[in-house]
Amino acid sequence: MNLPRKSLAAAALAAGVALAACTAPGPPAGTPAQTAPPTATSRAQSQVHGDLRQVMRGVLFPNSNVVFFAQGTDPASVPKDADGTTSVNPLASVYGGWEAIENSSIALAEAANLLTIPGRTCANGKPAPVQSADWQRFVQGLRDAGMASYKAAQTKDMDKMLDAADTLTNACSDCHDVYREKTEQQGGDAARCTAH
């Protein structure tokens with residue numbers, strides 16, 4: 001088959017661009033990928049599958065406990081499980097030790113995005129206040145705390161981890177004090193996800 005030179009040149013250019021895009025280096029090792037902020041289209045594609053309590057118990061609680069572990073114990077001292085690929089303990093898995101702290105920190109920062117998806121409800125059926133300015137501020141606090149923990153974990157400095165864990169504790173408490181901790185006079189569990 002004979003193609004005109006312009007067609008061959010265009011095909012070669014397209015192939016070169018595609019190859020360059022596929023082989024372009026990513027961020028340096030140990031650096032989380034940077035992405036553009038979500039657009040209306042990307043948010044519309046987000047789907048809610050669990051309520052806020054399920055997200056907290058399934059993602060934030062276990063990952064924050066991994067970060068909190070490094071407050072008093074060097075993660076490098078945790079022995080690997082016999083088969084680290086099937087370990088249920090992130091600290092003893094194939095990606096254990098300090099890498100587990102880094103991974104859990106990134107998971108916390110990324111989980112902040114889960115807290116902003118419209119349609120999320122609390123366990124009591126009330127909608128999570130994702131459009132509220134204070135909710136957005138608390139979510140940003142979680143994101144910042146996750147990244148502070150990530151940076152501290154990269155240094156493998158226990159004192160920095162203590163500070164990072166304190167930042168994480170405060171980020172969680174700031175939101176819980178407003179939206180989660182409800183006295184009986186405030187309506188108890190039925191009043192969760194409300195600011196008053």
Side-chain angles (χ1 to χ4, degrees), residues 32-71 75 87-91 93 95-96 99-153 161-196:
Q34 298 296 315
T35 59
T39 64
T41 303
S42 67
R43 279 205 174 113
Q45 295 170 352
S46 299
Q47 297 180 4
V48 174
H49 298 285
D51 66 34
L52 188 60
R53 179 173 55 193
Q54 291 169 314
V55 172
M56 291 290 173
R57 291 178 179 177
V59 180
L60 284 100
F61 184 77
N63 283 294
S64 61
N65 281 340
V66 171
V67 170
F68 293 146
F69 178 85
Q71 293 178 97
S87 178
V88 296
N89 178 356
L91 291 156
S93 77
Y95 305 111
E99 187 176 1
I101 307 300
E102 291 179 27
N103 293 340
S104 287
S105 298
I106 291 295
L108 292 168
E110 289 286 346
N113 298 323
L114 298 175
L115 304 181
T116 63
I117 299 174
R120 175 99 45 222
T121 61
C122 289
N124 62 10
K126 294 187 187 288
V130 298
Q131 300 301 322
S132 169
D134 63 344
W135 182 268
Q136 292 294 323
R137 188 178 74 252
F138 297 144
V139 166
Q140 186 60 47
L142 171 63
R143 189 176 288 116
D144 293 344
M147 291 311 298
S149 296
Y150 174 75
K151 289 174 184 169
M161 280 310 303
L162 190 59
D163 292 340
D166 187 53
T167 300
L168 179 58
T169 297
N170 289 333
C172 295
S173 293
D174 288 347
C175 188
H176 289 184
D177 288 348
V178 173
Y179 287 107
R180 182 174 180 261
E181 305 305 329
K182 302 294 183 179
T183 65
E184 289 306 314
Q185 293 79 15
Q186 293 171 313
D189 289 351
R192 286 184 171 178
C193 282
T194 60
H196 298 50

note = Nearest heavy-atom approach of Ala128 to Trp135 is CB-CZ2, 4.3 Å

inquiry  = When you measure from the side chain of Ser104 to the backbone of Ile101, do you find a donor-acceptor pair of N or O atoms at a distance under 3.5 Å?
reply    = no

task = Would you indicate whether the side-chain heavy atoms of Arg143 and Leu108 approach each other to under 4.5 Å?
result = no

query = When rounded to the nearest 0.5 angstrom, what is the spacing between OG in Ser149 and CD in Glu102?
reply = 11.0 Å

query = What closest approach, in Å, do Cys193 and Leu52 show between heavy atoms, and which atom pair accounts for it?
reply = SG-CD2, 4.0 Å

query = Are Leu91 and Val66 side-chain neighbours, meaning at least one heavy-atom pair lies under 4.5 Å?
reply = yes

CG-CG distance between Asp174 and Leu142, expressed to the nearest 0.5 angstrom = 11.0 Å

Heavy-atom closest pair, residues Pro62 and Gly58 = CG-O, 3.4 Å

task = For the residue pair Asn63 and Asn103, establish whether any side-chain heavy-atom pair is separated by less than 4.5 Å.
result = no

inquiry  = Tell me the closest heavy-atom pair linking Pro75 and Ala70, and the distance in Å.
reply    = CG-CB, 3.8 Å

request  = List in chain and number order the residues that pass side-chain contact (heavy atoms from CB on, under 4.5 Å) with Thr121, two or more places apart in sequence or in another chain; answer none if no residue qualifies.
outcome  = Asp51

message = Given 3.5 Å as the limit, does a donor-acceptor pair link the side chain of Ser93 with the main chain of Pro90, or not?
response = yes

query = Is the side chain of Arg53 donor-acceptor paired with the backbone N or O of Cys122 at a distance under 3.5 Å, no angle test?
reply = no

Separation of Gln140 CD from Leu115 CG (nearest 0.5 Å) = 12.0 Å

ask   = Passes side-chain contact (heavy atoms from CB on, under 4.5 Å), Asp166 versus Asn170? Steps please.
value = CA-CA 6 Å; Asp166 187 53; Asn170 289 333; 3.7 Å; yes

query = Regarding Ser87 and Asn89, is there a side-chain donor-to-acceptor distance under 3.5 Å anywhere?
reply = no

query = How many angstroms lie between CZ in Arg120 and NE2 in His49, if you round to the nearest 0.5 Å?
reply = 9.0 Å

note = Closest non-hydrogen contact found for Val67 with Ser105 is CG2-OG, 3.6 Å

request  = Starting at CD of Gln71, measure out to CG of Asp163 and round the result to the nearest 0.5 Å.
outcome  = 10.0 Å

task = Measure the spacing between CG of Leu168 and CG of Asp144 and express it to the nearest 0.5 Å.
result = 11.5 Å

